[in-house]
Amino acid sequence: MKTQLSFAPPAEVETECLAVVVLDQGSKDKVEVSVEASDSAIKGATADVMASGEVTGKIFETTLLHRPAKLKAKRLLLLGGGKAKNFTASELRELAGATVRFLKPKGIRSFALLVPESAQTETAVKAIVEGAFVGNFDPDTYKSDRKDQKMDSITVIARGDQARVQKALDEGRIIGESQNFTRDLVNEPSNRMTPTILAERARKMAQEVGLKFEAHGADKIKELKMGAFWGVAQGSDEPPALIMMRYEPADAPASPVLGLVGKGVTFDTGGISIKPADGMEKMKYDMAGAAAMIGAMRAIALLKPKVRVTAIICATENMPSGKAQKPGDIQIAMSGKSIEIINTDAEGRLVLADGLCYARQLGCTHLIDAATLTGAVVVALGYVNAGVFANDEKMYERFNRATDEAGEKFWRLPLDEEYKDNIRSNIADIVNSGGRWGGAVNAAMFLKEFAEDTPWLHLDIAGTAWMEENKAWIAKGPSGIAVRSLVEFAREFKD
Ligand code: BES
Ligand code: MN
Ligand code: ZN
């Protein structure tokens, strides 16, 4: 999708559709709608419909007018943005996505969106562009009658300093495209997204954006003594991949180094502790954590913050076979800790344990992992919030700011020492499954053992990486959750 800026008066912009935001200025139950534009031509063109009482300003309400008087636009779209006092960049991002999704099926291929008068211009422009890209993604890749309903171009009508607004637009495009890159990876089924293919896709991207790249197979995993990772990978005929990407700009200090560790289970059958058939097809998205890290690295490479970032992706299938690990087996992790395998379906924490250890060995001073780790986080937080765990307050605070900036929802869950009792083993240092109660916390407690004293965040995105329903602003399917927050975090990251 092309992104363009216009500083022309909105009435002068020639476009298939000019979209303007309508906000409800009233308090509580009182509705008091107004168009977010002081332009007299727009006021004139909207006067009748605004007076009719048909427009309530409710969030995602759409009112489409044809041939608006005295405007060069062919259509005028009024976008409800909800209550003015609750209207932030988050709502605007989603409105832009909703606009794309509203116009696409009508065969409209380009539109213009007027930055609301009350919004901070650069923040608004960036959010609009991000949201438009998110809304432009559809997951129906393999439909033979696929109608390519992509929006071809968006024009953002802005005001203010041209260079700064252009920069905001470019940033929005980089982030939006990177989120969609992640979604493309997650959308692929496991026969078309093996660990090897994931590594190749990451390699191609890394070359395009100038990231250092390495990918290794089983030999290196064994050489590094990644017994936890290999324990999962050993059961599969499909070779695993240990993928590394480094962003090391010349102008960045030697420290800190942010380590991004992704769970890349390209298909999770559960292994010998096999999952029920019902819904198992969804386990193709068990590499969404890895994909989020890869997408974030793409954006980071293009946005060029002055900080070092290393990504480690542990990619493998989790399969039952004659070679597969079995409940009761003991694996020795790279860190030297012994792990009793209680449930082979708790495989994500095994691959991440060695990924975290390796990231520390490579010199990462701060760690973030992302994983579709537990069904329990879905029970706890549903499809709305992703879970975040932290062993470091400062890092959590920074991440919390980043999620606000990015408009993504994360909810912090605890890591009290008492939960450690749940992962004690009689025979080894630790078990890989702490049972049903507090399952998301038990998994995080397990990872905490491998982050050791390094400041660390764990993102459990099992409930949020795949949208079960279409929303006004985003199609059902892979969401690309965490990409934007990770990027905002990295951009602000310093010691
Ligand atoms: N990949 C799953 C978690 C998952 C569940 C992701 C639902 C997305 C949607 C993970 O590997 C898993 O199987 N976890 C088990 C852990 C249990 C055996 C301790 C779970 O959550 O049931
Ligand atoms: Mn599993
Ligand atoms: Zn899994």
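Quantities reported herein were computed from a predicted structural model and do not represent experimental measurements. Order of listing sets the numbers, starting from 1, for every ligand and every atom in it.
Here Asp345 contributes O and Asp268 contributes OD2, and at the Mn ion (ligand 2) these two atoms make an angle of 170°, given to 10°. Taking the Zn ion (ligand 3) as the apex, the angle formed with OE2 of Glu347 and OD2 of Asp286 is 100°, to the nearest 10 degrees.
In the vicinity of Glu347, heavy-atom distances shorter than 4.0 Å reach the ligand 1 atoms 11 (O). Taking a cut-off of under 4.0 Å to the non-hydrogen atoms of Ala462, the atoms of ligand 1 that pass are 6 (C), 8 (C). When each atom of ligand 1 is checked for a heavy atom of Lys263 under 4.0 Å away, the hits are 1 (N), 10 (C), 11 (O). Atoms of ligand 1 found under 4.0 Å from any heavy atom of Asn343, numbered from 1 in the order shown, are 18 (C). Listed by atom number, the atoms of ligand 1 under 4.0 Å from Ser433 heavy atoms are 19 (C).
Under a 4.0 Å heavy-atom criterion, Met287 is not in contact with ligand 1. No heavy atom of Lys282 sits closer than 4.0 Å to any atom of ligand 1.
The nearest non-hydrogen atom to atom 13 (O) of ligand 1, considering only Val377, Asp345, Asp286, Thr344, comes from Asp345.
Residue Lys275 has at least one N or O atom closer than 3.5 Å to an N or O atom of ligand 1. In terms of polar-atom proximity, Asp268 is counted as a contact of ligand 1, with an N or O under 3.5 Å from an N or O of the ligand. Of the polar atoms of Gly375, at least one N or O is found under 3.5 Å from an N or O of ligand 1, judged by distance alone.
Tested against Ile312 for a side-chain contact (heavy atoms from CB on, under 4.5 Å), the candidates Leu367, Asp369, Leu242, Ile243 yield a single pass: Leu242.
We find that Lys306 and Glu248 are not joined by a salt bridge, their nearest charged nitrogen and carboxylate oxygen being 4.0 Å or further apart. A salt bridge does not link Arg424 to Asp429: none of the charged nitrogens lies less than 4.0 Å from a carboxylate oxygen. Taking 4.0 Å as the cut-off between side-chain N and carboxylate O, Lys263 and Glu347 count as a salt-bridged pair. Checked for salt-bridge contact, Glu317 and Lys284 miss the test: no charged N lies under 4.0 Å from a carboxylate O. A salt bridge does not link Asp184 to Arg201: none of the charged nitrogens lies less than 4.0 Å from a carboxylate oxygen. Contact check on Glu130 versus Lys126 returns a salt bridge, with a Lys/Arg side-chain nitrogen under 4.0 Å from an Asp/Glu carboxylate oxygen. Arg360 has a carboxylate O that lies under 4.0 Å from a charged side-chain N of Glu452, or vice versa, which qualifies the two as a salt bridge. A salt bridge is absent between Glu214 and Arg203: the closest approach of a Lys/Arg side-chain nitrogen to an acidic carboxylate oxygen does not fall below 4.0 angstrom.
The part of Arg349 lying near ligand 1 is the side chain, judged by heavy-atom distances below 4.0 Å. In Arg436, neither the side chain nor the backbone holds a heavy atom less than 4.0 Å from any atom of ligand 1. Contacts between Leu373 and ligand 1 below 4.0 angstrom, taking non-hydrogen atoms only, involve the backbone exclusively. When heavy-atom distances to ligand 1 are checked against a 4.0 Å cut-off, Tyr285 comes that close only through its side chain, counted from C-beta outward.
In terms of distance to the Mn ion (ligand 2), the nearest N, O or S atom of Glu347 is named OE1.
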Practice task
Carefully, step by step, assess Trp473 and Phe60 under the rule ring pair (Phe, Tyr, Trp, His ring centres under 6.0 Å).
Solution key: CA-CA 9 Å; Trp473 72 94; Phe60 302 130; 5.6 Å; yes

Problem - Stepwise side-chain contact (heavy atoms from CB on, under 4.5 Å) test for Thr310 and Leu258 - result: CA-CA 6 Å; Thr310 297; Leu258 177 61; over 6 Å; no

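One of the N, O or S atoms belonging to Lys263 lies under 2.8 Å away from the Zn ion (ligand 3). Taking backbone and side chain together, Asp268 holds an N, O or S atom under 2.8 Å from the Zn ion (ligand 3).
Ring orientation note: the planes of Phe446 and Phe450 are tilted relative to one another, at an angle of 30° to 60°. Ring geometry for Phe389 against His458 counts as parallel: the plane angle stays under 30°, on a 0 to 90° scale with 60° as the upper cut.
Scanning the protein for heavy atoms near atom 7 (C) of ligand 1, the closest one is Met283 CE, 3.8 Å.
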